[in-house]
Amino acid sequence: MAQIWQLSANYQGITATGSINGFPCISADTGESGESGFTTAPLNPFLIGKGNVLRIEVTAKTKDATLNCSVEDAMTGDIVDTGNAAEIKLPDGDPPHVVEIKFDSPQEGFATLLGQLKPADEKAIVDYALKLRDMFNAKDFDGLKKEMMPKFEDLAASFGHPLEAMVAQVGEMLQAFSSKEHEFEAADIKAEPCCDNKLWKLTAAKDGKALIRIEEDDGMMSLDAVVGVLDSGPAIVR
């Protein structure tokens, strides 16, 4: 069974961003309202083995701001109490404040991936996003599976899941995201870089949400797409 590393954070009255080994994983925006919030996420796809760093930067806070955050490891099937995160004492004075949680893990696939990727520029990533748009509109499911295979291979390895089982579900997902025409152009694309410009998250310029999505009257279905440039060219790697 795979070991799962789970991030849990709850907060009140803070505006903050957080990253795991340079990849964004936390966003809070209650530094003015004083409201509370909560987030939890598995970190396995972003672990580098020794010296993992969860870094949280608080840029605004209220007088009574609180932050609780933990990274817990458990075996597949175990129950992790995501509501029991450890209290983080915020420094006195005005932000910015930086909090770091460091830990080692057996999983190191993210380090391997970063070592394979080449830095890219925004134009190359935007051009690739337009290629993906055309593939979805053409219902090129075989081509899209190939573009997404690095992501599925790494996720399967990170969580100890059979790759075949994950790929078997891809066809239905791709059909769902091809059910409507994608009409975005280059100006509608925002490519957000991280990890020294080796990873780029595709989002919509108008609202910062996922670029590839299907909107219906009763909600929205979105596809996380993080692009990296391998020796073979750009691909969806996370």
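If you read the sequence from its start, that first residue is 1, and numbering goes on from there.
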Worksheet item: Any sub-3.5 Å donor-acceptor pair from Asp127's side-chain atoms to Ala124's backbone N or O?
Response: no
Worksheet item: Is there a donor-acceptor contact under 3.5 Å from the side chain of His182 to the main chain of Leu211?
Response: no
Worksheet item: So, for Tyr128 and Trp200, is the gap between ring centers shorter than 6.0 Å?
Response: no
Fill in: Heavy-atom side-chain contact between Lys123 and Val126 under 4.5 Å
no
Worksheet item: With no hydrogens and no angle check, is any side-chain donor or acceptor of Ser70 less than 3.5 Å from a backbone partner on Glu72?
Response: no
Discussion item. Would you compute the distance between atom CG of Asp134 and atom CG of Asp140 and round it to the nearest 0.5 angstrom?
Written reply: 10.5 Å
Response to the item:
d(Ile214 CD1, Met220 CE) to nearest 0.5 Å is 10.5 Å
Worksheet item: Within the side chain of Lys139, is there an N or O that forms a donor-acceptor pair under 3.5 Å with the backbone of Ser178?
Response: yes
Worksheet item: Any idea which heavy atoms bring Asn44 and Gln3 closest together, and the distance?
Response: ND2-O, 2.7 Å
Discussion item. Please report the interatomic distance CE(Met135) to CZ(Phe177), rounded to the nearest 0.5 Å.
Written reply: 15.5 Å
Worksheet item: At their closest point, which heavy atom of Gln12 faces which heavy atom of Thr30, and how far apart are they?
Response: C-OG1, 4.1 Å
Worksheet entry | Met148/Met173 under side-chain contact (heavy atoms from CB on, under 4.5 Å): CA gap, chis, key distance, verdict | CA-CA 12 Å; Met148 300 180 71; Met173 178 193 73; 3.7 Å; yes
Item to complete: With the side chain counted from C-beta on, respond yes when Leu130 and Arg133 share a heavy-atom pair under 4.5 Å apart, and no when they do not.
Response: yes
Worksheet item: Is there a donor-acceptor pair closer than 3.5 Å between any side-chain N or O of Thr39 and the backbone N or O of Ala9?
Response: no
Discussion item. I want to check something: taking the side chain as every heavy atom from C-beta on, are Leu202 and Leu132 in contact at a cut-off of under 4.5 Å?
Written reply: yes
Worksheet item: Distance-only, no hydrogens or angles: does the Asn52 side chain make a donor-acceptor pair with backbone N or O of Phe103 under 3.5 Å?
Response: yes
Practice prompt. Flag the pair Lys118 and Asp231 as a salt bridge only when some basic side-chain nitrogen lies within less than 4.0 angstrom of an acidic carboxylate oxygen.
Written response: yes
Response to the item:
The reported gap from CD in Gln107 to CG in Asp73 (rounded to nearest 0.5 angstrom) is 9.0 Å
Item to complete: Show the numbers, then the answer: is there a side-chain contact (heavy atoms from CB on, under 4.5 Å) between Thr66 and Glu87?
Response: CA-CA 8 Å; Thr66 60; Glu87 180 180 0; over 6 Å; no
Discussion item. Other residues, nucleotides and ligands only: do more than 12 of their heavy atoms fall within 6.0 Å of NZ on Lys198?
Written reply: yes
Worksheet, complete the sentence: For Val237 and Gly228 the tightest heavy-atom approach is CG2-N, 3.8 Å
Item to complete: Evaluate the side-chain contact (heavy atoms from CB on, under 4.5 Å) criterion for residues Lys61 and Leu67: first the C-alpha distance (whole Å), next the side-chain angles of each, then the deciding distance (0.1 Å), finally the verdict.
Response: CA-CA 10 Å; Lys61 67 178 183 180; Leu67 172 63; over 6 Å; no
Worksheet item: If you group Ile, Leu, Val, Met, Phe, Trp and Tyr by side-chain heavy-atom gaps below 4.5 Å, do Val53 and Val99 land in one group?
Response: no
Worksheet item: Any side-chain heavy-atom pair from Trp5 and Ser158 closer than 4.5 angstrom?
Response: no
Worksheet item: Which heavy-atom pair separates Ser27 from Tyr11 by the least distance, and what is that distance?
Response: O-OH, 3.9 Å
Worksheet item: Are Leu90 and Ile14 side-chain neighbours, meaning at least one heavy-atom pair lies under 4.5 Å?
Response: yes
Item to complete: To the nearest 0.5 Å, tell me how far Glu35 CD sits from Thr62 OG1.
Response: 11.0 Å
Discussion item. Can you confirm whether Lys151 is buried at NZ, in the sense that more than 12 heavy atoms of other residues, nucleotides or ligands lie under 6.0 Å from that atom?
Written reply: yes
Worksheet item: Rounded to the nearest 0.5 Å, how far apart are CG of Leu144 and CD1 of Ile236?
Response: 7.5 Å
Worksheet item: Do Lys180 and Glu215 meet the salt-bridge criterion of a basic N to acidic O distance under 4.0 Å?
Response: no
Item to complete: Using the six-membered ring wherever Trp is involved, compare the ring planes of Phe23 and Phe46 and label them parallel, tilted or perpendicular (cut-offs 30° and 60°).
Response: parallel
Worksheet item: How about Val98 and Arg55: do any of their side-chain heavy atoms sit closer than 4.5 Å?
Response: yes
Practice prompt. Find out whether Cys69 and Leu7 are in side-chain contact, i.e. whether some heavy atom of one side chain is under 4.5 Å from a heavy atom of the other.
Written response: yes
Worksheet item: Hey, mind stepping through Ile125 and Glu122 against side-chain contact (heavy atoms from CB on, under 4.5 Å) and telling me if it holds?
Response: CA-CA 5 Å; Ile125 303 303; Glu122 184 177 8; 5.8 Å; no
Discussion item. Within the supplied structure, the quantity of interest is the number of heavy atoms (other residues, nucleotides, ligands) at a distance under 6.0 Å from Glu100 CD; does it exceed 12?
Written reply: yes
Discussion item. Could you report the tightest heavy-atom contact between Phe38 and Asn10, atom names first, then the distance?
Written reply: CD1-CB, 3.8 Å
Fill in: Asn197 side chain to Cys194 backbone, donor-acceptor under 3.5 Å
no
Worksheet entry | Leu117 vs Val229 side-chain heavy atoms within contact, under 4.5 Å | no
Worksheet item: Does Asp94 CG have over 12 foreign heavy atoms under 6.0 Å away?
Response: no
Worksheet, complete the sentence: Taking every heavy atom of Ala204 against every heavy atom of Lys190, the minimum-distance pair comes out as C-CB, 4.3 Å
Worksheet item: Yes or no on side-chain hydrogen bond (donor to acceptor under 3.5 Å, both in side chains) for Gln6 and Thr40, after CA distance, side-chain angles and deciding distance?
Response: CA-CA 7 Å; Gln6 190 77 20; Thr40 184; 2.8 Å; yes
Worksheet item: Are more than 12 heavy atoms from other residues, nucleotides or ligands located less than 6.0 Å from atom CD of Glu32?
Response: no
